[in-house]
Participant: 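Quick one: structure below, then a few questions.
Quick note on labels: first sequence line is chain A, next is B, and so on, each numbered from 1.
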There are 2 protein chains.
Amino acid sequence: MKRDSRLSSVLHALLHMAEQDGPVTSETLALCLGTNPVVVRRTMGYLRQAGIVTSERGHAGGWRIHADLGSVTLRQLHEALGEPATFAIGNRNETPECLVEQTVNAALEGTFAEAEALLLTRFSEITLADLASDFARRHSALRHSRNKS
Amino acid sequence: MKRDSRLSSVLHALLHMAEQDGPVTSETLALCLGTNPVVVRRTMGYLRQAGIVTSERGHAGGWRIHADLGSVTLRQLHEALGEPATFAIGNRNETPECLVEQTVNAALEGTFAEAEALLLTRFSEITLADLASDFARRHSALRHSRNKS
DNA sequence: TTTTCATGAAACAAATGATGTTACGAAAAA
DNA sequence: TTTTTCGTAACATCATTTGTTTCATGAAAA
């Protein structure tokens, strides 16, 4: 099953952008992510539409975060990306005539809905600022362990 | 995103089998599911390996449920199918060197793990007997509404 | 004003993975 | 011995994401 990794990608990109003062080009982000500048533009375009980032063309152009890190949640990013399907497991037929299959669908849908609600709740509780501070902690821990050795 | 619908499929098949006395052929199940007998064999084969169903060849052969309906949970079926990936969303790179990406992965993995745990818990709480009685309820409700009209 | 750098967007290619199909072998019963 | 049915391998199809190529457009620098 091929997973949608855009949320992971934009988080990676945004945290790198947060470390920079000026704008960051698609080229640079593509190098960070191990992909292609066009893919970066395509994906970041969703965030621009949602007002989370801005882009500038020409010399010294690139991408900037256009929001407070503490105000952007994973849920907002997920929504900006079009709320892609959460689960890789699903019903065989979404609108079956067969009563047996309707029963199966109802049971699975209820369960998936509950798990998705939990996921989205957690997403809404995590901000870019949280991740940035997690990163700072890891970074400093790494420095300490390097100094020791 | 293409979803794995095997759990949905086997539930559909098992409930149809529960309605029958004798064995049910792959051909019959394929008609119920709107697919191919070979696909049925392939998928039901996982359940046979797990001891949930048996198959017999030749005349009057086919598939039988080899367990008490109340003792088979959705979780067991999910496990029998090889515990396919739950989420259609995931990390871009599972073992990144980049500390930023490690931070992102850790946050997402924690959240996904929590949602998956909930899903599996719910799966372990639902048995085939539960679904069969849900079905009976729907079936009887349908008859009543038909009699009214 | 021309060149360079960057995004915007469309069109196409590649890769991936589930599902579907064909074909044939093996076993069991009529 | 013929029919039925599963078991399995190999291959085809389909959908979707991701990657690539290409060119147009805009903005700053030379």
Participant: Give one of base, sugar-phosphate or nothing for G62(B), where a contact means two heavy atoms less than 4.0 Å apart.
Facilitator: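 G62(B): backbone/sugar contact only, no base atoms under 4.0 Å.
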
Participant: For T25(A) and T28(A), which I'm curious about, is there any donor-acceptor pair between the side chains at under 3.5 Å?
Facilitator: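 Result is yes, a qualifying pair exists.
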
Participant: Measure CG/L81(A) against P/dT18(D) and give the value in whole Å, please.
Facilitator: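 Going from CG in L81(A) over to P in dT18(D) covers 10 Å.
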
Participant: Expressed in angstrom and rounded to an integer, what is the separation of Y46(B) atom OH from dG7(D) atom C1'?
Facilitator: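 Those two atoms, OH and C1', are 14 Å apart.
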
Participant: With T43(B), which residues qualify under side-chain hydrogen bond (donor to acceptor under 3.5 Å, both in side chains), at least two apart?
Facilitator: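 Per chain and number, T43(B) pairs via side-chain hydrogen bond (donor to acceptor under 3.5 Å, both in side chains) with no residue.
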
Participant: Using a cut-off of 4.0 Å on non-hydrogen atoms, how would the nucleic acid contact of R42(A) be classed: base, sugar-phosphate, or nothing?
Facilitator: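 The answer is base, as R42(A) lies within the cut-off (heavy atoms under 4.0 Å) of a base atom.
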
Participant: What's the CE-P distance between M44(A) and dT7(C), to the nearest Å?
Facilitator: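 The distance from CE of M44(A) to P of dT7(C) comes to 10 Å, rounded to the nearest Å.
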
Participant: With respect to the side chain of S55(A), which nucleotide from dT21(C), dT20(D), dT7(C) is positioned closest?
Facilitator: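 Within the option list, the nearest is dT7(C).
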
Participant: Specify whether F112(B) and F87(B) have parallel, tilted or perpendicular ring planes, treating 30° as the upper limit for parallel and 60° as the lower limit for perpendicular.
Facilitator: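 Answer is tilted, since the angle falls between 30° and 60°.
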
Participant: In terms of the nearest nucleotide of DNA chain D, which residue is placed more toward the 5' end: G34(A) or G45(B)?
Facilitator: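 Comparing both residues, the 5'-ward one is G45(B).
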
Participant: Should R92(B) and E101(B) be marked as a salt bridge (charged side-chain N to carboxylate O under 4.0 Å, His left out) after you check the CA-CA gap, both sets of side-chain angles, and the distance that decides it?
Facilitator: CA-CA 9 Å; R92(B) 177 175 186 83; E101(B) 191 156 21; 5.4 Å; no

Participant: Among dT18(D), dT22(C), dT20(D), find the nucleotide with the atom closest to the side chain of S5(A).
Facilitator: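 Given the options dT18(D), dT22(C), dT20(D), the side chain of S5(A) is closest to dT18(D).
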
Participant: Mind calculating the distance between CG (L31(B)) and P (dG20(C)) to the nearest angstrom?
Facilitator: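 Value for this atom pair: 13 Å.
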
Participant: Write down the distance between CG (N93(A)) and P (dG20(C)), rounded to a whole number of angstrom.
Facilitator: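 Going from N93(A) (CG) to dG20(C) (P), I get 12 Å.
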
Participant: Which listed nucleotide (dA9(C), dC6(D), dG19(D)) is nearest to the side chain of R41(A)?
Facilitator: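 Nucleotide nearest to R41(A)'s side chain: dA9(C).
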
Participant: Please name the residue in the list Q20(B), M17(B), E56(B), H16(B) that meets the side chain to side chain contact (heavy atoms under 4.5 Å, CB included) test with W63(B).
Facilitator: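 By the side chain to side chain contact (heavy atoms under 4.5 Å, CB included) criterion, W63(B) pairs with just one of Q20(B), M17(B), E56(B), H16(B): M17(B).
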
Participant: Any side-chain N or O of R92(B) under 4.0 Å from OP1/OP2 of dG19(D)?
Facilitator: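 Checking R92(B) against dG19(D): at least one side-chain N or O falls below 4.0 Å of OP1 or OP2.
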
Participant: Going only through I, L, V, M, F, W and Y residues with side-chain contacts under 4.5 Å, is there a path from L81(B) to L33(B)?
Facilitator: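 Yes.
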
Participant: Quick one: does R57(A) reach the base of dT7(C) with a side-chain donor-acceptor pair under 3.5 Å?
Facilitator: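 It does, because a donor-acceptor pair links the side chain of R57(A) to the base of dT7(C) below 3.5 Å.
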
Participant: Choose from dA10(C), dC6(D), dT22(C) the nucleotide whose nearest atom is closest to any side-chain atom of W63(B).
Facilitator: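 The closest nucleotide is dC6(D).
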
Participant: To the nearest angstrom, how far is Q49(A) atom CD from dT7(C) atom C1'?
Facilitator: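 Atom CD in Q49(A) sits about 14 Å away from atom C1' in dT7(C).
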
Participant: Rounding to a whole Å, what distance do you find between D4(A):CG and dG19(D):P?
Facilitator: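 In whole Å, dG19(D) P and D4(A) CG are 11 Å from each other.
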
Participant: Considering heavy-atom distances to DNA chain D, does N36(A) or A60(A) have its closest nucleotide positioned more toward the 5' end?
Facilitator: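 Counting from the 5' end, the first nearest nucleotide belongs to N36(A).
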
Participant: In whole Å, what is the span from the CD1 atom of I89(A) to the P atom of dT19(C)?
Facilitator: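 Result: 11 Å.
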
Participant: With respect to the phosphate group of dT5(D), does any side-chain polar atom (N or O) of T25(B) fall under 4.0 Å of OP1 or OP2?
Facilitator: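 Negative; the distance criterion is not met.
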
Participant: What about H59(A), does its side chain sit under 3.5 Å from the base of dT4(C) through a donor-acceptor pair?
Facilitator: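 Between dT4(C) and H59(A), which were checked side chain against base, a qualifying N/O pair under 3.5 Å is present.
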
Participant: What nucleotide, of dG20(C), dA9(C), dG19(D), holds the atom closest to the side chain of T35(B)?
Facilitator: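 Closest nucleotide to the T35(B) side chain: dG20(C).
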
Participant: With the side chain of R48(B) defined as its heavy atoms from C-beta on, choose the nearest nucleotide among dG19(D), dG7(D), dT7(C).
Facilitator: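 Nearest to the side-chain atoms of R48(B), counting from C-beta on, is dG7(D).
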
